[in-house]
There are 2 protein chains.
Amino acid sequence: MQTWMGQPDLDEIDVATVLQALADPMRLRIVRLLDQVEESTCTALDLPVKVSTVSHHVNVLRHSGVVSTRIEGTARPSRLRRDDLERRFPGLLSSILAATPPKA
Amino acid sequence: MQTWMGQPDLDEIDVATVLQALADPMRLRIVRLLDQVEESTCTALDLPVKVSTVSHHVNVLRHSGVVSTRIEGTARPSRLRRDDLERRFPGLLSSILAATPPKA
DNA sequence: CGGTAATTACGATGCTAATCGTAATATTGC
DNA sequence: GCAATATTACGATTAGCATCGTAATTACCG
């Protein structure tokens, strides 16, 4: 039996809250990293900010409904809620992850 | 011949910038209004903030690539860049506009 | 049990941005 | 030209938040 951290149900996810969560550059970077590695903890993510800051960002992402987090000992591996988001906002996350950098 | 206000080309639109623009509640409200009325000026939008603030928000939306603005006398009617955004980030804007409010 | 590691809680700080009020600019109509 | 209207430019204020450092918590391991 797995233990999970608190997160909004599918019906509770608000698009404005999700947009606010994804608007921060560091959080968008975290989302892109999780897209590549599928699952990661705060310390395993290679980011140019302190771990306490990463923890804060991951919490924001979880409360908004973007990621879900398991409890595994002292570690808290998180992953994208791909299926949930696709069901709630079809095309939203996938278009963001597929977005190419601007040419200018 | 129409005159337009400056806006980024299709290839220059950055998804992070768009997300930052859409993250603000008032701007998201403006986007939803423009989705309904197709085109509107700052003063015609019924919003609980001063017109100078609305003007500021519309400028942010235009610089990010979300809306385009015509110059028509002293008026600056704006509309969503639906087709451009759909081409650049397929499904992004449409999923946001189609999003239902959370049940909780 | 003691040490280490992962995460979070908390307070502080500094920067960004939302909002406002006012003034300036531009255009239309009389 | 003059008045009225739409928009913007500008400065000021204020609130929110990203980040940090440190301390506290929890779990694993020898």
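Every chain is numbered from 1 and lettered A, B, ... according to where its sequence line falls, protein lines coming before strand lines.
One can place CD1 of A:Ile71 at 12 Å from P of D:dC28, the figure rounded to the nearest angstrom. Across the protein-nucleic acid pair, B:Leu47 atom CG and D:dA6 atom P stand 15 Å apart, rounded to whole Å. Rounded to an integer number of Å, the gap from A:His63 NE2 to C:dA9 C1' is 13 Å. Atom pair B:Asn59:CG and D:dC10:P shows a separation of 12 Å (rounding to whole Å applied). Between A:Ile30 atom CD1 and D:dA18 atom P the separation is 11 Å, expressed in whole Å. Rounded to whole angstrom, the span from the CD atom of A:Gln20 across to the P atom of D:dA18 amounts to 10 Å. One can place CG of B:Asp24 at 17 Å from P of D:dA15, the figure rounded to the nearest angstrom. Here the P atom of nucleotide D:dA6 and the CG atom of B:Leu45 are 13 Å apart, to the nearest Å.
Residue contacts shown for B:His57 are limited to sugar-phosphate atoms, with no base heavy atom under 4.0 Å away.
Proximity of A:Ser55 to the phosphate of C:dT7: no side-chain N or O atom is located under 4.0 Å from OP1 or OP2. Residue A:Ser52 places no side-chain N or O under 4.0 Å from the OP1 or OP2 atom of D:dC20. Between A:Arg27 and D:dA18 there is a side-chain polar atom (N or O) within less than 4.0 angstrom of OP1 or OP2. The shortest distance between the side-chain N/O atoms of A:Thr53 and the OP1/OP2 oxygens of D:dC20 is below 4.0 Å. The phosphate of C:dT7 has OP1 or OP2 within less than 4.0 Å of a side-chain N or O from A:Thr43.
Closest to the A:Thr74 side chain, of the nucleotides D:dA27, C:dT8, D:dT19, is D:dA27. Of the candidates C:dT19, C:dT7, D:dT8, the closest approach to any side-chain atom of B:Cys42 belongs to D:dT8.
Of all heavy-atom pairs spanning B:Gln20 and A:Ala23, the tightest one is CG-O, 3.2 Å. For the pair B:Ile30 and B:His57, the tightest heavy-atom approach, listed with the atom from each and the gap, is CD1-CB, 3.7 Å. When all heavy atoms of B:Ile71 and B:Met5 are compared, the closest pair comes out as CG1-CG, 3.7 Å.
Between the side chain of A:Arg88 and the backbone N or O of A:Ile13 there is at least one donor-acceptor pair closer than 3.5 Å. Counting only distance, with no hydrogens or angles, the side chain of B:Asp24 and the backbone of B:Met26 share a donor-acceptor pair below 3.5 Å.
Judged by closest nucleotide on DNA chain D, B:His56 is the one of A:His56 and B:His56 placed further toward the 5' end. Nearer to the 5' terminus of DNA chain D, by closest-nucleotide assignment, is the contact made by A:Val60 (compared with the other of A:Gly73 and A:Val60).
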